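Please read the structure below before turning to the comments.
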Amino acid sequence: MTLVGTEPQTAGRVAQRLIDLGCRLPAPPASAGLYVPAVRSGTLVYTSGQLPLAAHGLLAIGRVGAEVSAEQAAQLAKACAVNALSAIGTVADLDAITRILKMTVFVASAPGFNAQAQVANGASELLLELFGQMGKHTRSAVGVAELPLGAPVEVELTVELATS
């Protein structure tokens, strides 16, 4: 999956690995409100929720299980994870990530849709491919009625950085 965006923010190991996996690290998405994309506290970085945005806007709109299939939503979750890494890049060097600690995935779910974990696997698989053992993380996959802008999926990450 190739995401439309700028060239990688850094020529580091993580950015190169993303390219090898067929992804590009886009420019960090602009905040749509009174918040920042990521906050660093000591060796931890917390991201705001990241939508499946590309340069032209949302990659899809709708609820999973109705307008968007679970398979499409898993790819969208992957795009959200890439955007979360871009957000982390605003406050830290991606190559300093020593562990993906927690991922929360919100899935705009049609009535009766209950495969949120399958959707979240799209992002989890990318993090495992990208970071190996240090990409193993805790996770919540939550079904919700609506997400901002009509997005099907939103992802938040918490990562640990190497001490400097």
Side-chain angles (χ1 to χ4, degrees), residues 1-6 14 17-39 44-90 94 97 99-132 134-160:
M1 174 171 88
T2 301
L3 298 179
V4 177
T6 61
V14 172
R17 182 73 179 125
L18 274 169
I19 292 169
D20 294 346
L21 293 172
C23 299
R24 278 192 183 179
L25 192 63
S31 298
L34 299 174
Y35 63 90
V36 295
V39 170
L44 299 180
V45 177
Y46 303 86
T47 71
S48 295
Q50 299 296 315
L51 302 177
L53 288 168
H56 64 279
L58 282 173
L59 296 172
I61 295 174
R63 291 187 186 170
V64 183
E67 299 84 9
V68 178
S69 72
E71 295 77 19
Q72 291 169 313
Q75 288 300 305
L76 296 170
K78 179 179 177 179
C80 292
V82 172
N83 286 340
L85 291 171
S86 180
I88 291 166
T90 66
L94 295 180
I97 295 173
R99 185 76 193 256
I100 306 295
L101 297 173
K102 170 81 175 182
M103 180 174 65
T104 305
V105 180
F106 301 96
V107 181
S109 301
F113 180 79
N114 61 7
Q116 290 82 7
Q118 179 185 346
V119 172
N121 282 344
S124 291
E125 289 167 0
L126 173 72
L127 295 172
L128 288 169
E129 286 182 74
L130 190 57
F131 293 101
M134 64 186 186
K136 288 187 176 180
H137 52 274
T138 62
R139 179 178 95 181
S140 296
V142 181
V144 299
E146 295 283 338
L147 287 170
L149 306 175
V153 183
E154 183 174 355
V155 170
E156 296 176 353
L157 285 181
T158 303
V159 302
E160 182 178 48

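Because the structure is a prediction, the values reported are computed rather than measured.
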**Message:** Does N121 form a side chain to side chain contact (heavy atoms under 4.5 Å, CB included) with R139? I'd like the steps, not just the answer.
**Reply:** CA-CA 10 Å; N121 282 344; R139 179 178 95 181; 2.8 Å; yes
Short question: side chain of [X], backbone of [Y] - any donor-acceptor pair under 3.5 Å?
| X | Y | answer |
| --- | --- | --- |
| R17 | E129 | yes |
| T47 | L157 | yes |
| S48 | V36 | yes |
| S86 | P26 | yes |
| R63 | A145 | yes |

**Request:** Evaluate side chain to side chain contact (heavy atoms under 4.5 Å, CB included) for L85 paired with I97, printing each intermediate quantity in order.
**Result:** CA-CA 10 Å; L85 291 171; I97 295 173; 4.2 Å; yes
Roughly how far apart are [X] [atom1] and [Y] [atom2], rounded to 0.5 Å?
| X | Y | atom1 | atom2 | value |
| --- | --- | --- | --- | --- |
| E154 | L76 | CD | CG | 13.0 Å |
| I61 | L147 | CD1 | CG | 12.0 Å |
| L126 | Q75 | CG | CD | 9.5 Å |
| I100 | E160 | CD1 | CD | 10.5 Å |

Considering all heavy atoms, the nearest [X]-[Y] contact:
| X | Y | result |
| --- | --- | --- |
| A77 | A123 | O-CB, 3.5 Å |
| G65 | F113 | CA-CD1, 3.9 Å |
| Q116 | S109 | NE2-OG, 2.9 Å |
| A87 | Q50 | CB-NE2, 3.9 Å |
| A73 | V153 | O-CG2, 3.8 Å |

Any non-hydrogen side-chain atom of [X] less than 4.5 Å from a side-chain atom of [Y]?
| X | Y | result |
| --- | --- | --- |
| L53 | L58 | yes |
| L44 | L101 | yes |
| N83 | L51 | no |
| V159 | F131 | no |
| L18 | R24 | no |
| L94 | L25 | yes |
| M103 | V155 | yes |

**Request:** Just do the side chain to side chain contact (heavy atoms under 4.5 Å, CB included) check on E71 and Q118 with the steps written out, would you?
**Result:** CA-CA 8 Å; E71 295 77 19; Q118 179 185 346; 3.6 Å; yes
**Request:** Would you sort out whether K78 and C23 count as a side chain to side chain contact (heavy atoms under 4.5 Å, CB included), showing the intermediate values?
**Result:** CA-CA 10 Å; K78 179 179 177 179; C23 299; 3.8 Å; yes
